[in-house]
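Order of the sequence lines sets the chain letters (A, B, ...), proteins ahead of strands, with each chain counted from 1. Side-chain atoms are counted along with the backbone in the values below, which use heavy atoms only and exclude waters and symmetry mates.
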Amino acid sequence: MAEQNTTGTGATSGYDPQKVEAKWQKRWAEARVFESESDPAKPKYYVLEMLPYPSGTLHMGHMRNYTIGDVVARVKRMRGFNVLHPMGWDAFGLPAENAAIKNKTHPRTWTNNNIAEFRRVLRRFGFSYDWRREISTCEPEYYRWNQWFFLCMLERGLAYRKKSLVNWCPKCCTVLANEQVVNGGFCWRHEDTRVESREIEQWFLKTTAYSDQLLDDLKQLEGGWPERVILMQKNWIGKSQGAKVKVEVADAPSVGSLEIFTTRIDTIYGATAMILAPAHPLVPKLLEGSPVRAEAEPKLAKMRQTSIKTEDLATMEKEGFFTGRYALNPFSGEKVPIWVGNFVLMEYGTGAIMAVPAHDGRDLEFCRKYKLPVRVVIQPLEGEELVPEKMEKPFDEHNGKLVNSGPFNGLSPDEAIAKMTEFAEQKGFGRGETIFRLKDWGISRQRYWGTPIPVVYCSKDGIVPVPDSQLPVVLPENAKLTGEGGSPLAAMPEFVSAKCPKCGGAARRETDTMDTFVDSSWYFYRYCDPHNDKAPYDSAKVAYWFPIDQYIGGITHAILHLLYSRFWCKVMRDLGLIKHNEPAARLFTQGMVQKGGVAMSKSRGNVVGAEEMAQKYGADTGRLYTLFAAPPEKDLEWSEESIEGSWRFLNRVYRLIERHSNAVRGVKDGKADAAAASVKEKMLLRKVHQTLRRVTSDFETRWHFNSAIALIMELTNDIYSQEPLEQGVRPEVRKEMLELLTLMLAPMTPHLAEELWEMLGHSEGLWKTGWPAFNQELAREDEVEIVVQVSGRVRGRVKVSAGAGEEEVLKLALADAGVAHHADGKRIVKKIFVPDKLLNLVVAGS
RNA sequence: GCCCGGGUGGCGGAAUGGCAGACGCUGAGGACUUAAAAUCCUCCGGGGAUUUUUCCUCAUGUGGGUUCGACUCCCACCCCGGGCACCA
């Protein structure tokens with residue numbers, strides 16, 4: 001039994017993780033332990049970790065994510081749930097293409113090699129995936145359903161094509177979604193590359209059709225999703241209620257009117273200018289025939305130039321110029337100048353605002369700079385009266401009353417918003433409107449390694465969808481990849497030339513491919529029915545497994561992936577495929593694994609390779625350490641020294657059970673009898689059941705794996721301190737203790753636990769065993785130590801039987817030397833007694 | 001600027017109103033060993049008193065507050081990390 005282990009750490013014990021882990025992985029696979037089928041008779045639990053993009057090396061940062069998911073999956077299995085725990089690959093994407101260009105291989109080769117590597121390492125860690133359900137998004141069997149969904153959306157007007165200004169990354173040579181532009185104008189993949197603006201025709205999905213639902217349904221996620229993720233989504237959707245108001249331009253009948261958007265229509269009498277975005281299409285018209293045209297046009301040209309460069313918007317100085325034109329305030333009839341301002345965004349609202357300097361910070365800054373007048377139209381209810389000339393800060397709160405506002409004087413802002421919006425509607429120059437920051441999702445990519453968008457362009461029939469029967473539009477294998485000059489597919493005549501499905505004439509095939517966020521927006525549905533070739537999935541299977549009970553991933557996906565997934569879910573619901581509104585009931589965002597204070601990454605050269613770890617210590621030690629070193633939601637600083645502690649602990653447990661294995665393996669399972677127990681037995685049984693009670697709650701409700709492990713370590717230390725157990729601890733008691741210890745470790749270090757289980761005399765795998773129930777009777781303390789405070793400071797401790805009353809405790813407390821020293825001769829003015837815990841005597845005087 | 005997190009020994013962290021520092025790492029000392037490794041045991045926040053046992057005192061970013069009692073709750077501030085950022 002006591003062979004030398006083969007790890008590189010030099011520890012001696014019979015524990016050989018390499019052997020143990022290989023042995024049990026084989027047994028699990030043979031017994032098909034982790035394969036699950038929908039079974040309405042059993043309660044289900046769907047636990048999912050975000051699917052990885054298979055590139056680079058799997059490091060301990062990845063493993064932490066999967067370990068957390070695996071612990072949850074294993075605990076739920078032990079709890080009797082029918083658990084779905086799948087894994088797959090986010091296999092399309094730019095890095096494959098870039099790597100292929102660099103290494104002169106095919107993206108598919110590169111990707112599949114990576115997948116094989118990832119799969120091997122994940123298997124090496126013993127994660128309890130149902131590998132039969134594995135999916136890879138770059139396979140036609142998968143992406144044909146991307147195309148199918150796209151066509152469904154096209155049919156319903158949810159997919160459309162439009163020319164638009166797009167974010168163009170010169171390094172990627174492709175369009176980026178707004179969400180992929182980071183740090184105020186840089187590519188999310190190339191953080192040193194500034195994104196440019198280009199106008200290009202491309203495909204969009206109408207996420208804005210679901211703006212309200214995407215916002216409102218966040219309420220259903222409260223409690224299940226981290227608050228900050230909900231908040232980030234809320235901000236991203238950016239709902240804003242206000243009004244659009246039509247403003248006539250004076251003395252320019254050819255220009256007509258312009259429209260502004262405001263959330264504070266109540267302040268409209270305070271508007272001292274109208275300001276247009278530089279990109280506003282009306283600006284050139286206003287300048288035509290304007291007295292200031294000559295000086296204004298160069299300014300406009302310059303401003304339009306800079307706005308394209310996406311200069312640091314936040315810190316940019318407010319600039320503007322007068323157009324020489326005036327607008328008529330529809331409420332007051334007042335003539336106010338029309339300006340152009342660089343801080344007004346064409347993409348938001350109507351691209352035009354009214355400037356109310358007294359009640360908006362940006363307007364105040366702008367008007368002060370250009371000496372435009374300030375007029376107060378809301379006076380605060382409390383405090384000093386506002387004087388326009390003296391205002392340094394705007395008054396933008398709602399607790400005031402209207403002044404200088406004609407018939408609306410005296411109203412509160414909120415009343416005025418309602419009344420004035422109504423008035424504008426009646427007069428026909430405005431209406432209440434809600435606008436969103438959320439935009440439609442641009443999915444066109446001018447790249448090769450993605451899902452082809454299934455449409456053709458016919459000179460006669462226009463845009464024609466590829467019929468269902470012709471799906472998938474297969475990505476050709478022999479594209480030339482150079483990384484330059486746009487889409488590789490466009491350079492392939494054999495791909496581009498197509499027949500129009502309608503008229504049979506010559507047509508041109510779409511060469512854009514889809515954003516990879518499409519792939520990951522619904523992959524978790526496919527896991528329920530991964531080999532279906534008639535539909536993306538069988539709705540009945542999805543109805544059983546969904547929603548995802550626990551989704552686990554990084555905070556980096558808090559907006560993009562999760563928002564798109566939620567959108568996709570709602571579209572599928574409206575297609576009649578599913579009935580639920582939200583894909584994931586609970587979301588957990590785990591912390592990063594860092595080394596040297598920064599996240600592990602290949603480019604920083606600070607990765608701790610997963611396989612390396614498995615070879616040196618074994619997967620179980622690696623798993624245990626990532627769970628032990630920090631609570632799962634917090635970042636974890638990797639320490640080569642600390643992991644030794646986890647390794648030592650597992651060896652310690654192994655030796656303990658190895659030592660008692662012979663004595664207990666023959667013992668029939670019989671619960672230890674509390675009444676007949678010796679003092680030593682009672683103490684140990686109490687400890688083990690107390691530990692079980694707390695570990696159970698740490699697993700179930702709190703996910704405090706680190707403190708659960710600490711408790712199990714403590715238990716192990718206590719058992720060691722009672723050695724030799726042969727003296728005073730019967731084999732059946734030893735067996736119960738060691739079994740519970742093993743079962744508690746099982747979700748975290750599953751291979752070792754199986755081995756120990758076998759050593760304890762079980763011929764059937766631990767996987768067949770449920771989570772143990774703790775014995776309340778055995779866990780109960782019969783003697784407790786009560787802390788005695790005098791005026792809030794600890795002065796002594798007394799031992800009493802559990803449940804002892806205040807009087808008894810007080811008597812003992814006063815007899816305690818330390819307590820007596822501080823309390824004698826003083827009047828006790830108050831006694832606070834917490835049964836089994838504390839007695840605080842508040843004494844008078846100092 | 002706004003919105004979230006977070007700040008506890010040499011280090012990772014524990015304690016969600018009741019003994020601050022569980023558990024682990026590092027370090028020191030000891031046992032075993034020819035020796036080393038491994039293992040096992042003891043100690044390990046600061047200051048002070050005490051020969052010892054032990055006792056007092058300060059201490060959870062800073063300053064206030066609530067409370068018999070605060071790492072924990074409230075107010076203000078400082079620092080670190082993250083997200084959003086002229087959104088009208």
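B:G45 sits 15 Å from B:C71 when the C1' atoms are compared, rounded to a whole Å. Comparing the P positions of B:A22 and B:C73 gives a spacing of 22 Å, expressed to the nearest Å. A distance of about 15 Å separates the C1' atoms of B:G17 and B:U60, rounded to the whole Å. Distance check on atom P: B:U57 versus B:G61 gives 22 Å, rounded to whole Å. Here, B:A28 and B:C78 have their C1' atoms 37 Å apart, quoted to the whole Å. B:G6 and B:C43 are spaced 32 Å apart, taking the C1' atom of each and rounding to whole Å. Separating the P atom of B:G21 from that of B:C80 is a span of 31 Å, rounded to the nearest Å. Distance check on atom C1': B:U39 versus B:U51 gives 36 Å, rounded to whole Å.
A:Asn65 is linked by a side chain to side chain contact (heavy atoms under 4.5 Å, CB included) to A:Glu49, A:Ile552, A:Gln590, counting only residues two or more places apart in sequence or in another chain. By the side chain to side chain contact (heavy atoms under 4.5 Å, CB included) test, A:Val784 pairs with A:Glu781, A:Ile786, A:Val800, A:Ala802, A:Asp836, sequence neighbours left out.
In this structure, A:Tyr15 has its ring center closer than 6.0 angstrom to the ring center of A:Trp647. Here the two rings, on A:Phe321 and A:Trp339, have centers that are 6.0 Å apart or farther. Taking the ring centroids of A:Phe628 and A:Phe705, they lie at or beyond the 6.0 Å cut-off.
Taking atom CG of A:Asn651 as the reference point, atom C1' of B:A38 lies 10 Å away to the nearest angstrom. As a whole-Å value, the separation of A:Glu633 CD from B:G82 C1' is 15 Å. In this structure, A:Glu644 atom CD and B:U26 atom C1' are separated by 12 Å, rounded to whole Å. With rounding to whole Å, A:Arg264 atom CZ is found 11 Å from B:A88 atom P. Taking atom CG on A:Leu364 and atom P on B:G1, their separation rounds to 17 Å, with Å as the unit. Put simply, CZ on A:Phe705 is 19 Å from C1' on B:A22, counting in whole angstrom units. What separates CZ of A:Phe436 from P of B:A88 is a distance of 13 Å, to the nearest Å. With rounding to whole Å, A:Phe649 atom CZ is found 14 Å from B:U39 atom P.
By the 4.0 Å N-to-carboxylate-O rule, A:Glu365 lies close enough to A:Lys318 to be salt-bridged with it. A salt bridge does not link A:Lys439 to A:Glu347: none of the charged nitrogens lies less than 4.0 Å from a carboxylate oxygen.
Using a distance-only test at 3.5 Å, with no hydrogens or angles considered, no donor-acceptor pair links the side chain of A:Glu806 to the main chain of A:Phe833. A donor-acceptor contact shorter than 3.5 Å is absent between the side chain of A:Asp698 and the backbone of A:Trp703. Side-chain atoms of A:Arg64 come within 3.5 Å of backbone N or O of A:Met592 as a donor-acceptor pair.
Side-chain atoms of A:Lys318 and base atoms of B:C86 include a donor and an acceptor less than 3.5 Å apart. No hydrogens or angles were tested; on distance alone, a donor-acceptor pair under 3.5 Å links the side chain of A:Gln789 to the base of B:G18.
Distance from the side chain of A:Asn342 is smallest to B:C86 among B:A88, B:C86, B:C19. Ranking B:C86, B:A14, B:C68 by closeness to the A:Ser707 side chain, first place goes to B:A14. Here the nucleotide nearest the side chain of A:Asn706, chosen from B:U57, B:C68, B:G13, is B:G13. Out of B:A88, B:G18, B:A85, the shortest distance to the side chain of A:Lys837 is found at B:G18. The listed nucleotides are B:C58, B:G18, B:C19; the one nearest the side chain of A:Glu785 is B:C19. Nearest nucleotide to the A:Arg362 side chain, out of B:G18, B:C87, B:A22: B:C87.
Remark: A:Leu215 CG to A:Leu218 CG distance equals 6.0 Å, nearest 0.5 Å.
Of the side-chain N and O atoms in A:Ser240, one or more sit less than 4.0 angstrom from OP1 or OP2 of B:A88. For B:C56, one of the phosphate oxygens OP1 or OP2 lies less than 4.0 angstrom from a side-chain nitrogen or oxygen of A:Arg795. The side chain of A:Arg793 contributes an N or O atom lying less than 4.0 Å from OP1 or OP2 of B:C58.
Map A:Thr262 and A:Asn840 each onto its nearest nucleotide of RNA chain B; the residue landing nearer the 5' end is A:Asn840. Comparing A:Ile832 and A:Ser639 along RNA chain B, the residue whose closest nucleotide (by nearest heavy atom) sits nearer the 5' end is A:Ser639.
Using cut-offs of 30° and 60° on the angle between ring planes, the pair A:His561 and A:His557 is perpendicular. Using the six-membered ring where Trp is involved, A:Phe366 and A:Phe343 have ring planes that are tilted, between 30° and 60° apart. Using bins of under 30°, 30° to 60° and over 60° for the plane-to-plane angle, the ring pair A:Trp638/A:Tyr625 lands in the perpendicular bin.
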Please list each protein N or O that sits under 3.5 Å from an N or O in nucleotides 5-12 of chain B, with the distance.
from	atom 1	to	atom 2	distance (Å)
B:G12	O2'	A:Ala629	O	2.6

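Shown for residues 692-704 of chain A: residues whose heavy atoms fall under 4.0 angstrom of RNA chain B, namely A:Arg702, A:His704.
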| remark: For RNA chain B, the expected dot-bracket line (Watson-Crick or G-U under 3.5 Å, [ ] crossing, | inter-strand) is (((((((..(((.....[....))).(((((.......))))).(((((....)))))..(((((..]....))))))))))))....
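Figure legend: A:Arg652 and A:Tyr720 shown as a cation-pi pair, the cationic atom lying under 6.0 angstrom from the six-membered ring centre and within 45 degrees of its axis.
In summary, the side chains of A:His359 and A:Asp396 do not present any donor paired with an acceptor at a separation below 3.5 Å, with no hydrogens or angles considered.
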| query | Does the side chain to side chain contact (heavy atoms under 4.5 Å, CB included) test come out yes or no for A:Thr272 and A:Met354, once each step is laid out? | reply | CA-CA 8 Å; A:Thr272 54; A:Met354 60 180 189; over 6 Å; no
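A:Val794 comes within contact range of the sugar-phosphate backbone alone, with a heavy-atom separation under 4.0 Å but no base atom that close. Among the protein residues, A:Val344 comes within range of the nucleic acid bases, having at least one heavy atom under 4.0 Å from a base atom.
Annotated as syn: B:G9, whose glycosidic dihedral is within 90° of 0.
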| remark: Whether each nucleotide of nucleotides 40-48 of chain B has a protein heavy atom under 4.0 Å at its base (B), only at its sugar-phosphate (S) or at neither (-) is summarised, 5' to 3', as S--------
